[in-house]
Amino acid sequence: MRPTVHDIAAAAGVSLATVDRVLNQRPGVRRITREKVETAIREIGYVRDVAAANLAKSRTYPLVFILPASDNSFMHGLHAEIREAMIRSPSERTSIRTVEVAAFNPAALVTALEKLADERPAGVALVATDAPEVVAAVDKLVTDGIPVVTLVSDLTGSRRHHYAGVDNIAAGRTAARLLGRFLGDAKGEVAVLAGSMLVRDHRERLEGFAALMAQEFPKLSILPVLEGRDDPELAHMLVADVLSKHERVIGIYSLGAGNRGLVRALKERASSRPLTVVAHELTVHTRAALIDGTIDAILNQNAGHEVRSAIRVLKAKADGLAVIDAQERIRLDIFLKDNLP
């Protein structure tokens, strides 16, 4: 059963009136009490039901999700979660549509954002490509009163209202610690497979990974990044090539998508030397690779939580309500073959 405001009050040891003031960001609550309520919200997993209030107001929220056109399993999963949200639209009083743009293409993303300025939806969520022209287009929407949420990959420096995604620097550091611990005292090279350095989530994961590797695992040296553009075929070619040319590679960090190609290259390699592999996103393909030992660990973000969070935030911003950060925080999961859901 979903937690209620009564559960929050009981967990925090406060009145329902105090919970209501915190949820609606009203004054009259001491800082320490507010922190107790927000801690209770986070710990019991309360998610505010704005839908009931919307129903009373008979308002429908037209929302647009802008996603990259990409043949990778994570984006397929993100699309599937948005389709699930569309099914829920009548009860949540939303009208959701998706717009696909060329992946890692700032110009295509700007064109899509500029078209939305004339449509004036209640909110826009986008997987951002980090470029000055995209920042300018997002800022224009915000100036025009249209709420904007970045999804999966952030656009810091812009005026976007919220980011629905994991802490990518922490994700990269976590991957480095896993890989370093798995490899123990071994000395060798680590290959890194990314999608594109044009997206902030991939840059931040690499930043966190490289920093912790240099700090705590100096015997492991990182090779130049392979940019597979989240394309399984290109990823297969790049990984196969680096493994054939670098005999000292003992670890691989796949920080983007394109893992179908990575797995294929690992299974086809002629060498029997052991490889430790850490990758992102739990999909049908990475799950199978975890089970058969091709991949050692997966870092996962819940696409459904990200989509639901983006919708909640956009609706709240359209209504002028505050967002409670604790309930919108996206968790980073670590999966081994032993704890698969």
Side-chain angles (χ1 to χ4, degrees), residues 2-9 11-12 14-31 33-66 81-82 85-86 88-97 116-117 119-126 138-151 154-156 158-165 302 304-331:
R2 289 178 58 177
T4 68
V5 291
H6 294 273
D7 298 317
I8 299 173
V14 300
S15 68
L16 286 173
T18 298
V19 173
D20 179 73
R21 283 195 289 272
V22 173
L23 286 173
N24 291 288
Q25 298 291 302
R26 288 198 286 267
V29 182
R30 292 186 303 162
R31 181 180 60 80
T33 303
R34 186 177 297 277
E35 289 174 355
K36 286 170 60 178
V37 173
E38 290 180 347
T39 298
I41 289 169
R42 181 172 63 254
E43 290 180 346
I44 70 174
Y46 174 80
V47 175
R48 189 178 185 189
D49 183 9
V50 184
N54 293 342
L55 185 60
K57 292 185 283 188
S58 297
R59 178 176 184 182
T60 297
Y61 298 81
L63 306 176
V64 179
F65 281 79
I66 306 177
E81 293 295 344
I82 294 170
M86 291 176 178
R88 299 192 301 270
S89 283
S91 62
E92 296 182 352
R93 304 197 64 78
T94 57
S95 174
I96 299 171
R97 71 182 181 92
L116 292 177
E119 296 180 21
R120 299 199 61 79
V124 175
L126 71 148
V138 164
D139 288 354
K140 176 68 164 56
L141 287 182
V142 174
T143 299
D144 290 345
I146 299 174
V148 177
V149 168
T150 51
L151 192 66
D154 201 6
L155 195 62
T156 55
S158 72
R159 296 176 59 199
R160 57 93 176 123
H161 292 87
H162 185 76
Y163 164 57
N302 188 311
H305 187 183
E306 289 169 335
V307 169
R308 293 188 294 273
S309 177
I311 292 170
R312 284 194 299 269
V313 170
L314 289 174
K315 290 167 68 177
K317 290 300 180 182
D319 282 339
L321 300 176
V323 174
I324 298 175
D325 290 336
Q327 80 176 31
E328 304 305 342
R329 188 171 295 117
I330 307 297
R331 186 178 64 191

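Here R97 pairs with E119 in a salt bridge; the nearest charged N to carboxylate O distance falls below 4.0 Å. With respect to the salt-bridge test (charged N to carboxylate O, under 4.0 angstrom), the residues E38 and R34 do not qualify.
With values rounded to the nearest 0.5 angstrom, H162 atom NE2 is found 4.0 Å from S309 atom OG.
Here the side chain of N302 pairs a donor or acceptor atom with the backbone of G304 at under 3.5 angstrom. With hydrogens and angles ignored, the 3.5 Å screen pairs no side-chain donor or acceptor of R329 with any backbone N or O of R42. For the pair D139 (side chain) and S158 (backbone), a donor-acceptor distance under 3.5 Å is absent. Listed for the T18 side chain is no donor-acceptor partner under 3.5 Å among the backbone atoms of V14. Without hydrogens or angle criteria, K315 side chain to E92 main chain gives a donor-acceptor distance under 3.5 Å. Side-chain N or O atoms of H161 include one that pairs as donor or acceptor with a backbone N or O of V148 at under 3.5 Å.
For R331, the side chain to side chain donor-acceptor pair (under 3.5 Å) partners at least two apart in sequence or on another chain are D333. Under the salt bridge (Lys or Arg N to Asp or Glu O under 4.0 Å) criterion, D7 pairs with no residue at all, not counting sequence neighbours.
When side chains are defined from C-beta on, T143 counts as touching R159, because their heavy atoms get closer than 4.5 Å. Side-chain contact between L116 and I66 is present, with heavy atoms from C-beta onward closer than 4.5 Å.
Heavy atoms only, all atoms of each residue included: A11 and I44 are closest at CB-CG2, 4.3 Å. The heavy-atom pair separating V323 from E328 by the smallest distance is CG1-CG, 3.7 Å. The two atoms that bring A310 and V149 nearest to each other are CB-CG1, 4.0 Å, heavy atoms only. When all heavy atoms of I146 and P121 are compared, the pair lying nearest together is CG2-O, 3.8 Å. Between E306 and L151, the closest heavy-atom pair is O-CD1, 3.6 Å. Between Y46 and L23, the closest heavy-atom pair is CE2-CD2, 3.9 Å.
There is a side-chain donor-acceptor pair under 3.5 Å between T94 and S89.
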